[in-house]
Enquirer: 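Before I ask anything, let me first share the structure, which is written out below as structure tokens.
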Amino acid sequence: SLSFARSHVAVGQSALRRGDRAAAEAAFRDAIRENAFYLDAYMNLGTRYQERGELDRAVAAYDDLLARNPDFAGAYLNRGACRQAERTVR
């Protein structure tokens, strides 16, 4: 349900504030399992992957988000930043 998905995202954001990135990612994945259309969970998960340099996983999270809502501008921005970073690394 949406309320449980929101709760998972809140738990994830709290974990980030504590510096527990693993717990945050798990909570964001739980939110997606709870409600595959709660877009903030994909955005948060993609951002965590992006921060860790796991650009393929980040792009996949942003792609999943955009498949559900192609008007989510922030996902395009972050996905583009990942692709640019991939070109820079290579």
Enquirer: Flag yes if L66 and Y49 sit in one hydrophobic cluster, no otherwise; membership is Ile, Leu, Val, Met, Phe, Trp, Tyr, and two members link when side-chain heavy atoms are under 4.5 Å apart.
Expert: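 Cluster IDs for L66 and Y49 match.
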Enquirer: Rounded to the nearest 0.5 Å, how far apart are OH of Y42 and CG of D64?
Expert: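 With rounding to 0.5 Å, OH (Y42) is 5.5 Å from CG (D64).
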Enquirer: Side-chain heavy atoms under 4.5 angstrom apart, residues restricted to Ile, Leu, Val, Met, Phe, Trp, Tyr: same cluster for L2 and V11?
Expert: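 Different clusters.
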Enquirer: Are L39 and V59 connected, step by step, through hydrophobic side chains (Ile, Leu, Val, Met, Phe, Trp, Tyr) whose heavy atoms are closer than 4.5 Å?
Expert: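 Different clusters: L39 never reaches V59 through Ile, Leu, Val, Met, Phe, Trp or Tyr contacts under 4.5 Å.
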Enquirer: Any side-chain donor paired with an acceptor under 3.5 Å for Y62 and N78?
Expert: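 Yes, a side-chain donor-acceptor pair sits under 3.5 Å.
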Enquirer: With a 4.5 Å cut-off on side-chain heavy atoms, are N44 and Y38 touching?
Expert: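 A side-chain contact under 4.5 Å is absent here.
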Enquirer: Report the distance from atom CG of L55 to atom CZ of R79, rounding to the nearest 0.5 Å.
Expert: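 That separation rounds to 13.5 Å.
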Enquirer: Write out all pairs satisfying salt bridge (charged side-chain N to carboxylate O under 4.0 Å, His left out) with one or both partners inside residues 35-54, taking only residues at least two apart or from two chains.
Expert: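 As it turns out, the salt bridge (charged side-chain N to carboxylate O under 4.0 Å, His left out) pairs with a partner in residues 35-54, which skip direct neighbours, are R21-E51, E25-R52, R48-E51, R52-E54, E54-R57.
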Enquirer: For A31 and A5, which heavy atoms make the closest approach, and how far apart are they?
Expert: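 In terms of heavy atoms, the two residues are closest at CB-O, 3.5 Å.
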Enquirer: Give the minimum heavy-atom separation between M43 and A75, together with the two atoms involved.
Expert: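 That would be CE-N, 3.8 Å.
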Enquirer: Take a 6.0 Å sphere around OH of Y76 and say whether it holds more than 12 heavy atoms from other residues, nucleotides or ligands.
Expert: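 More than 12 within 6.0 Å, yes.
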Enquirer: Taking all heavy atoms of A58 and all of C82, pick out the closest pair and write down the distance.
Expert: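 That would be CB-SG, 3.7 Å.
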Enquirer: Measure the CG-CZ distance between D30 and F4 for me, rounded to the nearest 0.5 Å.
Expert: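 If we round to the nearest 0.5 Å, D30:CG and F4:CZ are 12.5 Å apart.
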Enquirer: Locate the shortest heavy-atom distance separating S1 from E34; write the atom from each residue and the value.
Expert: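 That closest heavy-atom pairing would be N-OE2, 2.7 Å.
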Enquirer: Would you indicate whether the side-chain heavy atoms of I32 and H8 approach each other to under 4.5 Å?
Expert: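 A side-chain contact is absent here, since even the closest heavy-atom pair is not under 4.5 Å.
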